[in-house]
Undergrad: 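Provided herewith is a single structure, encoded as structure tokens, for subsequent inquiry.
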Amino acid sequence: MEIKSTNIQGCYILEPVICRDARGVFMETFHKKKLETLLGGPLEFVQDNQSVSNRNVLRGLHFQKGEHAQAKLGRVVRGRALDVVVDLREKSKSFREVFTIELSEYNNLQLFIPRGLAHGFLALEDQTVFSYKCDAYYYPGSESGIIYNDPELAIDWGIPDSELIISEKDRRLQYLKELFP
Ligand SMILES: Cc1cn([C@H]2C[C@H](O)[C@@H](COP(=O)(O)OP(=O)(O)O[C@H]3O[C@H](C)C(=O)[C@H](O)[C@H]3O)O2)c(=O)[nH]c1=O
């Protein structure tokens, strides 16, 4: 497993070792001890999630507040997605910064997302399967988020707004200026 830093403190790109032979491909998609060594600290994932999205579906930008904040290890098992995180940690050197990366079944990349970041993605192919580990349980009462088209973030999703498929819930998410008045 190789690790690369991003512009966001504690957020890392992970590239698994791909073992290919005449039968196909094998890779370790998660190895607790190796990842703890690479990240330099303990990891205790407690919940795995998976969503399937057709092309142009945008999920996010979501986070859980306070004690229910989740670190995530995300990857695309099938298809392609533009993955986006925003640093919402006021004490972080990268506070308010955005990082985007394409995760796909073709590049096998993963993204480690520390607690305190908002996360979302745009599916770039039909039936894109996004799978991720969380180090805290889902806690509906702590759910929050930032709206995908917040002008302060100016995220380029790469397609016209009219083509985006977004849940009513996500269309009602707050702006950064409401979260940090
Ligand atoms: C997140 C979650 C949701 N649910 C239920 C709640 C709804 O009935 C249904 C769909 O939930 P939601 O629309 O919040 O799903 P996404 O839009 O994919 O949410 C995720 O989107 C972005 C990309 C994230 O990083 C978050 O982990 C997560 O918020 O699954 C659960 O039962 N458990 C869960 O952990």
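Counting starts at 1 for both ligands and their atoms, following the listed order. Note that these values count all heavy atoms, side chains included, but never hydrogens, waters or copies made by symmetry.
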Undergrad: For residues 61-75, pull every pair meeting side-chain hydrogen bond (donor to acceptor under 3.5 Å, both in side chains), keeping only residues two or more places apart or in separate chains.
TA: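 Only H62-D170 qualify under side-chain hydrogen bond (donor to acceptor under 3.5 Å, both in side chains).
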Undergrad: Other members of the hydrophobic cluster containing Y132, with the 4.5 Å side-chain heavy-atom rule, please.
TA: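 Direct or chained contacts put Y132 with I8, I13, V76, V85, F99, I101, L103, L109, L111, I113, L117, F121, F130.
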Undergrad: Put together the list of close N/O pairs, under 3.5 Å, between ligand 1 and the protein, could you?
TA:
residue  : atom   : partner : partner atom : Å
ligand 1 : 14 (O) : K169    : NZ           : 2.8
ligand 1 : 18 (O) : R59     : NH1          : 2.9
ligand 1 : 19 (O) : H62     : ND1          : 3.3
ligand 1 : 21 (O) : H62     : ND1          : 3.0
ligand 1 : 25 (O) : K72     : NZ           : 3.0
ligand 1 : 25 (O) : H119    : ND1          : 2.7
ligand 1 : 27 (O) : K72     : NZ           : 3.3
ligand 1 : 27 (O) : Y132    : OH           : 2.9
ligand 1 : 29 (O) : H62     : ND1          : 2.7
ligand 1 : 35 (O) : Q47     : NE2          : 2.9

Undergrad: Please set out all donor-acceptor pairs under 3.5 angstrom arising from side-chain atoms of residues 136-145, sequence neighbours excluded.
TA:
residue : atom : partner : partner atom : Å
S142    : OG   : Y139    : O            : 2.8
S144    : OG   : Q174    : NE2          : 2.9

Undergrad: Got more than 12 heavy atoms from elsewhere within 6.0 Å of CD, E2?
TA: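 Incorrect, the count does not exceed 12.
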Undergrad: Which pair of heavy atoms, one from G10 and one from F112, lies closest together, and at what distance?
TA: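 Minimum heavy-atom separation between G10 and F112: O-CD2, 3.4 Å.
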Undergrad: Looking at CG of L88 and NE2 of H119, how far apart are the two atoms once the value is rounded to the nearest 0.5 Å?
TA: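 Result: 12.5 Å between the selected atoms.
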